[in-house]
Amino acid sequence: LHTGYSESFTVFLDMSTLFRGVFTLAVLLLSFGLLTEAFHLMNLPSDRSLLGGIAMILGLTLAVPMVVHIIWSKLK
């Protein structure tokens, strides 16, 4: 009996894939919030806040891909 669903559609119904997608979306939303905070810090008149914003952006550049890679490779 053909239900009309293709085999590739069942991949999206897998719970581990769904949780991975939810965790990835949560990481991306959190990183977007931290990025806007970093831009806010860079806009303040202090040199310390400028360096803090730059450090936060560099930290996000390193941390976000690493966390997404861990989510998609280690959760099985």
Side-chain angles (χ1 to χ4, degrees):
L1 179 67
H2 183 64
T3 60
Y5 295 111
S6 66
E7 291 295 322
S8 63
F9 185 70
T10 58
V11 172
F12 294 112
L13 297 177
D14 186 21
M15 288 303 286
S16 66
T17 305
L18 180 66
F19 285 141
R20 288 177 186 183
V22 168
F23 289 142
T24 302
L25 184 61
V27 166
L28 293 177
L29 288 174
L30 181 65
S31 66
F32 180 72
L34 290 173
L35 184 65
T36 57
E37 185 63 29
F39 284 138
H40 173 70
L41 281 175
M42 291 173 64
N43 200 23
L44 295 176
S46 164
D47 286 340
R48 177 177 275 178
S49 63
L50 175 69
L51 293 176
I54 291 172
M56 189 181 279
I57 290 172
L58 289 176
L60 285 172
T61 304
L62 293 174
V64 170
M66 182 176 57
V67 170
V68 171
H69 174 72
I70 289 171
I71 288 172
W72 284 96
S73 65
K74 299 293 182 189
L75 291 177
K76 291 185 180 184

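Quick note: residue numbers are just sequence positions, from 1.
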Output the distance between atom CZ (Phe32) and atom CG (Leu30), rounded to the nearest 0.5 Å.
12.0 Å
Once rounded to the nearest 0.5 Å, what's the spacing between atom CD1 of Ile57 and atom CG of Leu62?
12.5 Å
Can you measure from CG (Leu41) to OG1 (Thr36) and round to the nearest 0.5 angstrom?
10.0 Å
Answer yes if Leu51 and Leu58 sit in the same cluster of Ile, Leu, Val, Met, Phe, Trp and Tyr residues linked by side chain heavy atoms under 4.5 Å apart, and no otherwise.
no
Where is the tightest heavy-atom contact between Met56 and Ala38, given as atom of each residue plus distance?
SD-CB, 3.5 Å
Just how far is it from atom CG of Leu50 to atom CD1 of Ile54, taken to the nearest 0.5 Å?
4.0 Å
For the residue pair Leu60 and Ser31, what are the closest heavy atoms and their distance?
CD1-O, 3.9 Å
What's the separation between atom OG1 in Thr61 and atom CG in Leu35, rounded to the nearest 0.5 Å?
8.0 Å
Grab the two heavy atoms, one from Trp72 and one from Thr17, that are nearest each other, plus how far apart they are.
CH2-O, 4.2 Å
For the atom pair CG (Leu44) and CZ (Phe39), what is the distance rounded to the nearest 0.5 Å?
13.5 Å
Examine Val68 and Val22 and state if one hydrophobic cluster contains both, with Ile, Leu, Val, Met, Phe, Trp and Tyr joined whenever side-chain heavy atoms are less than 4.5 Å apart.
no
